[in-house]
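Worksheet: one structure, shown below.
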Amino acid sequence: MRINSFFYTIGQGFKNLGRNKWYTLASIATIGACLFLFGLVFSIINNIQYFVHTAEEGVSVTVFFNEGVSEDQILAVKTDLEKRPEVRQINYIDPETAWEEFKNSYLVEYADGFTENPLADSASLEIYLNDVSLQGALVTYIESIDVVREINRSEITADTLSGLNKLMAYVSMGIIIILLLVSIFLISNTVTMGIAVRKDEINIMKYIGATDFFVRAPFVVEGIMIGIIGSLIPLLILYYVYGSAINYVHTQFAMLASILPFLPVEQIYSQLVPISLAIGIGIGFMGSFTTVRKHLHV
Amino acid sequence: MEKGFRKKSGRQIPEGEVITLDHVTKSYSSSGAPALNDVTLHIKKGEFVFIVGDSGSGKSTLIKLLLRELVPTSGEITVLGYNLNKIKHSKIPKFRRNLGIVFQDFRLLKDRNVYENVAFAQRIVQTSTREIKRNVPSILATVNLAGKYKSKINQLSGGEQQRVALARALINKPTILLADEPTGNLDPNNSWEIMGLMEKINESGTTVIVVTHNREIVNAMKKRVVTMKKGVIIEDEEEGTYIDED
């Protein structure tokens with residue numbers, strides 16, 4: 001193929017956007033609406049999962065030891081536990097630190113009456129988990145260690161968060177799949193209909209000796225361009241909406257903002273941009289490619 | 001491809017013959033009567049042929065077979081040395097570039113202007129932009145549309161649209177011009193103008209095949225007339241007439 005013919009077919013794809021204004025607008029609007037909805041749900045779900053994950057990270061198991069157990073023994077247990085896959089982080093709380101925290105939290109000025117540390121035998125290990133659903137297995141293991149006196153844990157919190165996490169994973173997966181399918185169906189339908197009404201144009205080209213490539217290339221370029229524009233518009237709108245929503249919550253509900261952490265927009269967009277572009281361009285390309293093929297056998 | 005029409009079919013084609021239908025039958029369904037029934041037809045280079053007949057006589061099927069839009073159920077079709085029974089899908093565009101085609105409903109690209117419609121046919125055969133800029137005005141002048149090259153298709157009359165279609169058909173200098181009811185949507189004046197242009201094109205050596213219902217034109221032009229009825233050729237005569245069956 002001559003280079004000027006190649007650029008001609010590409011140029012025709014761009015010109016087609018203007019020649020078929022209503023089809024272009026309808027396709028961009030459909031892709032944009034679907035991907036905006038998809039991006040919105042994607043952002044919400046990711047934030048909820050982030051919130052649950054953050055809450056999970058705060059769940060800890062506290063291990064207390066028998067009287068007379070030395071710091072070295074406790075640190076040996078710590079080293080042993082750190083090797084386990086469930087464990088993310090272990091903090092050793094020595095008796096002095098424990099007493100300081102207790103005083104500051106509960107006794108304040110009344111603590112002056114104590115001359116000795118009443119928590120002298122209360123050194124502990126504060127264990128944070130990678131996954132709260134594994135808490136049970138870890139506790140069973142710790143119970144088997146002979147120097148351990150007591151284990152404090154919140155079974156209800158762990159179970160609730162673990163259940164919520166699983167539920168969120170299923171629900172988000174389901175919603176995203178449904179939205180994706182609806183988007184693919186709507187977008188490909190729009191592209192298909194837009195090209196089907198131009199089947200006469202394809203027939204004419206074929207009758208006067210155009211090759212399949214020559215007929216198809218402008219439609220495919222057009223489809224890809226519609227996909228790119230249709231993906232970028234909702235991404236830009238959502239970027240603004242997301243930033244505004246976070247800003248609003250931070251200024252209007254300062255208390256809530258400290259409890260509910262938001263994912264930074266960059267983190268959401270690192271996944272959302274490639275997914276949206278892949279859907280938009282992919283459907284634009286595939287829709288035009290396959291629809292034109294249906295009309296090529298003239 | 002015009003020289004030595006033996007390559008594609010392996011069968012000897014008589015010297016100067018551009019179209020050969022050899023016992024061609026075309027059925028659309030296994031139960032109904034065939035649209036074309038055992039038709040044999042030979043057309044030589046430079047001939048002007050009218051194909052006439054009532055609706056359902058098989059004229060449109062014949063045109064579709066010649067364009068390789070349809071494949072015969074039996075028999076063999078050779079056009080310009082291409083065996084249309086065996087031609088590969090990828091070779092069809094190249095084959096069609098040897099034909100100029102004019103339809104009753106013009107079939108122009110309505111979202112493009114006159115110049116772009118005609119230039120499109122040259123783009124397809126990968127003519128350089130410089131040549132296109134030279135060729136298009138020249139062919140538009142031939143069909144008396146030089147002043148309307150910028151006009152949109154919907155701004156033209158039926159006769160003008162058909163002349164654009166004719167210009168598009170001729171720009172690549174086809175060996176055969178196929179016209180399917182070219183005057184079907186035109187008034188008598190425009191019909192005669194189009195037929196006059198076709199006669200001029202034929203005089204320059206292009207084989208012209210016109211499918212038509214227009215008795216007045218057929219009878220006045222004194223060309224070869226192939227008359228079809230119910231899928232068979234019932235008459236084929238030089239300087240023939242379109243006989244009123246009724």
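In the text below, chain A, chain B and the rest are named by the order of the sequence lines, each starting its count at 1. Treat the numbers as computed from the prediction; the structure is a model and nothing was measured.
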If I take atom [atom1] from residue [X] and atom [atom2] from residue [Y], how far apart are they, to the nearest 0.5 angstrom?
X         : Y         : atom1 : atom2 : result
Ile208(A) : Leu67(B)  : CD1   : CG    : 12.0 Å
Glu69(B)  : Asn203(A) : CD    : CG    : 7.5 Å
Thr129(B) : Phe7(A)   : OG1   : CZ    : 12.0 Å

Within a 6.0 Å radius of atom [atom1] on [X], are there more than 12 heavy atoms belonging to other residues, nucleotides or ligands?
X         : atom1 : result
Phe38(A)  : CZ    : yes
Tyr28(B)  : OH    : yes
Lys200(B) : NZ    : no
Tyr269(A) : OH    : yes

If you compare all heavy atoms of His89(B) against all heavy atoms of Leu296(A), which two are closest, and at what distance to 0.1 Å?
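The answer is CE1-O, 4.2 Å.
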Please give me the minimum heavy-atom distance between Gly209(A) and Pro93(B), naming the atom from each residue.
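Taking every non-hydrogen atom into account, O-CB, 3.3 Å.
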Between [X] and chain A, which part of the residue has a heavy atom less than 4.5 Å away: side chain, backbone, both or neither?
X         : value
Phe95(B)  : neither
Thr127(B) : backbone
Leu99(B)  : neither

Pairwise side-chain contact, [X] with [Y], heavy-atom cut-off 4.5 Å (strictly under):
X         : Y         : result
Gln126(B) : Thr211(A) : no
Arg112(B) : Gln12(A)  : yes
Asp111(B) : Asn20(A)  : yes

Any pair with a residue in residues 216-231 of chain A that passes salt bridge (charged side-chain N to carboxylate O under 4.0 Å, His left out), sequence neighbours left out, goes on the list, sorted by first then second residue, please.
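For residues 216-231 of chain A: Arg198(A)-Glu222(A).
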Do you know which of [options] has the most heavy-atom pairs with chain A at a distance under 4.5 angstrom?
options                         : result
Arg123(B), Arg97(B), Arg68(B)   : Arg123(B)
Lys94(B), Arg107(B), Lys110(B)  : Arg107(B)
Ala121(B), Ala169(B), Ser128(B) : Ser128(B)

Non-neighbouring partners of Asn214(B) that pass side-chain hydrogen bond (donor to acceptor under 3.5 Å, both in side chains), sequence neighbours left out:
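Counting only residues at least two positions away or on another chain, Asn214(B) forms no side-chain hydrogen bond (donor to acceptor under 3.5 Å, both in side chains).
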Donor-acceptor pair, side chain of Arg96(B) and main chain of Lys206(A), under 3.5 angstrom:
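Flag set: sc Arg96(B) to bb Lys206(A) pair under 3.5 Å.
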Give, as side chain, backbone, both or neither, the part of Tyr207(A) having an atom under 4.5 angstrom from any heavy atom of chain B.
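Both parts, backbone and side chain.
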